[in-house]
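A short worksheet on the structure shown next.
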Amino acid sequence: MKKTHEHWASSVGFIMATAGSAVGLGSLWLFPYVAGENGGGAFVLMYLLFTFLIGMPIFMAELIIGRRSQKSAVLAYSALTGESANWKILGWLNVLTSLIILSYYSVVSGWCLSYIFMSLNKFTAGKSSAQIQEIFTILSSSSGINIFWLALFLLINFGIIISGVRKGIEHWSKILMPFLFIFLIALFIHAVTMPGFSEAVKFVFYPDFNKLTSSGILSALGMALFTLSVGLGVLITYGSYMQKDQNIPYNGIVITIMTVFVSLIAALTIFPIVFTFNFPPSSGPGLVFKTLPVLFDKLPATILISAVFFSLLFFAALTSTISLLEVLVANFIENFNIDRLKAAIIASSLAFIIGIPSALTYSKALFPTWSEIYGKNFFDTMNYITSNWFMPIAAIFITILAGWTMKKEIVLEEFSIGTKSKWIVHPWFFFVKWIAPIAVIIVLLQETGIINFNR
Ligand code: PHE
């Protein structure tokens with residue numbers, strides 16, 4: 001029943017799969033709207049700093065942990081710490097985080113699927129801009145329809161995951177990722193010509209620190225980790241499929257730059273539309289789903305552009321969710337000694353069940369008083385606890401493992417195996433050992449109010 005551990009067929013395959021995990025709705029949907037809600041420039045700057053100073057070093061640390069141990073999170077942590085049971089808890093936290101993110105992320109991915117079909121049915125034809133925007137409200141609050149798309153989306157993930165690492169994940173990432181880049185650039189070129197472009201550039205790049213709150217800073221950290229897929233074991237699992245001659249620092253830098261590039265391009269494509277049509281930049285989760293269709297309706301070939309755009313959002317989402325599902329599947333296979341098919345059935349079913357309350361959030365068909373009690377709706381609560389708490393906390397422990405617990409020689413050796421630029425190893429290690437954990441701890445303490453820099 002047990003097969004030998006699979007590996008990526010090529011370096012390009014690894015980059016596409018891992019960039020596929022990183023580049024997703026986080027960059028294309030969440031980043032623009034959260035930046036909009038947090039006032040733009042200063043938030044964007046914090047996001048960039050956190051990505052390069054904290055996210056990227058930990059990204060590389062996770063790959064090292066995976067490649068060294070040849071295991072996924074739970075057993076990777078225990079293998080590298082002399083079979084410590086306590087470290088396994090961190091692995092299970094990673095699994096839980098992946099499950100929760102997969103559940104609500106799939107609901108948004110379901111919206112993308114729905115928008116593809118709506119586009120093909122010319123859903124914007126003859127409607128005013130207010131009516132087009134209203135459709136998002138109607139869709140997001142329709143219980144049955146949300147559940148249907150959630151189930152279908154998870155089924156597609158299931159279909160890919162059961163084919164394994166090379167034939168499933170790598171194969172599909174290599175097909176989907178190039179399309180995503182081409183179409184994003186094409187849309188961006190169009191956005192550059194819009195009257196709202198210069199205002200958008202100012203909004204995204206001009207930092208007004210008065211608009212930045214401590215929870216805005218925490219969100220920027222959460223966003224940096226979320227968009228890089230750091231702090232929940234995805235990169236440990238994907239690292240375990242890496243070949244020894246693959247270059248960890250180089251790949252880490254390339255994928256980080258790709259991710260940041262997509263986030264910024266997404267914001268610079270969406271905000272020109274927002275400003276040109278006078279929408280509020282802080283219009284929340286509906287931003288992409290409400291604003292872009294209004295633009296598409298005004299362009300020639302509406303059906304084509306709209307359907308292709310939402311297909312690309314869907315592709316971006318899919319390459320991210322398969323990485324989340326793979327964390328669950330790989331950990332279930334290793335810990336419960338079951339085969340891939342069984343693990344995939346269990347993992348997808350769990351994601352579906354946990355996804356139901358997220359799918360029903362806007363219709364209030366389940367937990368109608370959740371927002372009154374917890375201050376955020378169910379969907380936002382899941383997003384908040386995972387990306388603002390579980391991921392940063394796991395990130396701290398990953399730095400402790402790579403910077404303090406593991407033998408330094410082993411960490412440095414694994415880091416430098418595939419690279420010629422050996423000088424990079426010491427600055428990287430310093431960031432993992434000191435800068436990243438201290439910065440994350442400060443941000444978390446500030447958010448809890450234990451320390452306060454605003455006084
Ligand atoms: N990085 C993905 C995105 O930006 C989301 C994700 C988070 C995927 C964590 C895997 C793990 O959309």
Side-chain angles (χ1 to χ4, degrees), residues 15-35 47 50-51 55-56 58-59 62-63 66 72-73 93-112 153-154 157 160-161 169 173 176-177 180-181 184 219-239 252 255-267 285 287-288 312-331 347 351 382-395 398:
I15 292 188
M16 289 299 168
T18 312
S21 169
V23 171
L25 298 176
S27 296
L28 299 170
W29 163 75
L30 202 61
F31 174 74
Y33 100 69
V34 176
Y47 165 76
F50 286 144
T51 299
M56 189 171 77
I58 307 180
F59 183 99
E62 276 198 41
L63 291 178
S72 284
L93 175 70
N94 287 171
V95 172
L96 178 68
T97 311
S98 303
L99 176 62
I100 296 177
I101 295 183
L102 177 61
S103 72
Y104 72 78
Y105 200 101
S106 297
V107 173
V108 185
S109 312
W111 294 342
C112 301
F153 182 75
L154 284 170
N157 279 271
I160 294 179
I161 267 315
I169 305 174
S173 305
L176 300 177
M177 289 307 285
L180 174 90
F181 282 106
L184 186 65
S219 301
L221 172 68
M223 184 73 62
L225 301 180
F226 188 85
T227 51
L228 278 182
S229 308
V230 160
L232 70 174
V234 164
L235 300 158
I236 297 181
T237 302
Y238 276 22
I255 294 166
T256 305
I257 292 176
M258 271 181 174
T259 310
V260 165
F261 176 77
V262 172
S263 302
L264 293 177
I265 294 289
L287 187 65
V288 166
L312 288 159
L313 266 193
F314 160 67
F315 294 163
L318 186 59
T319 48
S320 297
T321 48
I322 50 181
S323 73
L324 291 162
L325 187 57
E326 181 65 16
V327 172
L328 303 178
V329 169
N331 278 288
M382 293 301 111
N383 181 9
Y384 176 75
I385 54 167
T386 47
S387 51
N388 291 14
W389 294 99
F390 291 178
M391 291 168 72
I393 289 170
I398 290 165

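Since the model is a prediction, treat every value here as computed from it, not as a measurement. First listed ligand is number 1; within each ligand, the first listed atom is number 1.
Which parts of ligand 1 touch A22 is read off a 4.0 Å heavy-atom cut-off, strictly below it: atoms 1 (N), 2 (C), 3 (C), 4 (O). Atom numbering of ligand 1 starts at 1 in the shown order; those under 4.0 Å from a heavy atom of L25 are 12 (O). Close approach of ligand 1 to S27 is summarised as follows: ligand atoms under 4.0 Å from at least one heavy atom of the residue are 4 (O). The contact set between ligand 1 and G26, taken as ligand atoms under 4.0 Å from a residue heavy atom, comprises 3 (C), 4 (O), 12 (O). Below 4.0 Å from some heavy atom of V234 lie the following atoms of ligand 1, by number and element: 10 (C), 11 (C). Set against the non-hydrogen atoms of S323, the atoms of ligand 1 under 4.0 Å away are 10 (C). Residue contact check: L232 has heavy atoms under 4.0 Å from atoms 9 (C), 11 (C) of ligand 1.
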Verdict with reasoning, V327 to L232, per side-chain contact (heavy atoms from CB on, under 4.5 Å)
CA-CA 8 Å; V327 172; L232 70 174; 5.8 Å; no
Start with the C-alpha distance between Y33 and V288, add both sets of side-chain angles, then the distance that settles side-chain contact (heavy atoms from CB on, under 4.5 Å), and finish with yes or no.
CA-CA 8 Å; Y33 100 69; V288 166; over 6 Å; no
Yes or no on side-chain contact (heavy atoms from CB on, under 4.5 Å) for L25 and L313, after CA distance, side-chain angles and deciding distance?
CA-CA 7 Å; L25 298 176; L313 266 193; 4.1 Å; yes
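For the residue pair S98 / N94, no side-chain donor-acceptor distance below 3.5 Å is found, with atom types taken as modelled. No hydrogens or angles considered: a donor-acceptor pair under 3.5 Å links the side chains of S229 and S21. A donor atom on one side chain and an acceptor atom on the other are found under 3.5 Å apart for T237 and S72.
Given atom 2 (C) of ligand 1, the protein heavy atom at minimum distance is S21 O, 3.1 Å. Among protein heavy atoms, atom 11 (C) of ligand 1 sits closest to L324 CD2, 3.4 Å. Looking from atom 7 (C) of ligand 1 to the surrounding protein, the closest heavy atom is F226 O, 3.4 Å. Taking atom 8 (C) of ligand 1 as the reference point, the nearest protein heavy-atom neighbour is S229 OG, 3.4 Å.
Contact analysis leaves F31 out of contact with ligand 1, as no non-hydrogen atom separation drops below 4.0 angstrom.
Here Y105 has side-chain heavy atoms under 4.0 Å from ligand 1, and that is the only part of it that gets that close.
The aromatic rings of Y47 and F31 are tilted relative to each other, their planes meeting at an angle between 30° and 60°. Ring-plane geometry between W389 and Y384 is classed as perpendicular, the angle between the planes exceeding 60 degrees on a 0 to 90 degree scale with a lower cut at 30.
Under a 3.5 Å cut-off, the side chain of S109 and the backbone N or O of Y105 do form a donor-acceptor pair.
On a distance-only criterion, L228 and ligand 1 share no N/O pair closer than 3.5 Å.
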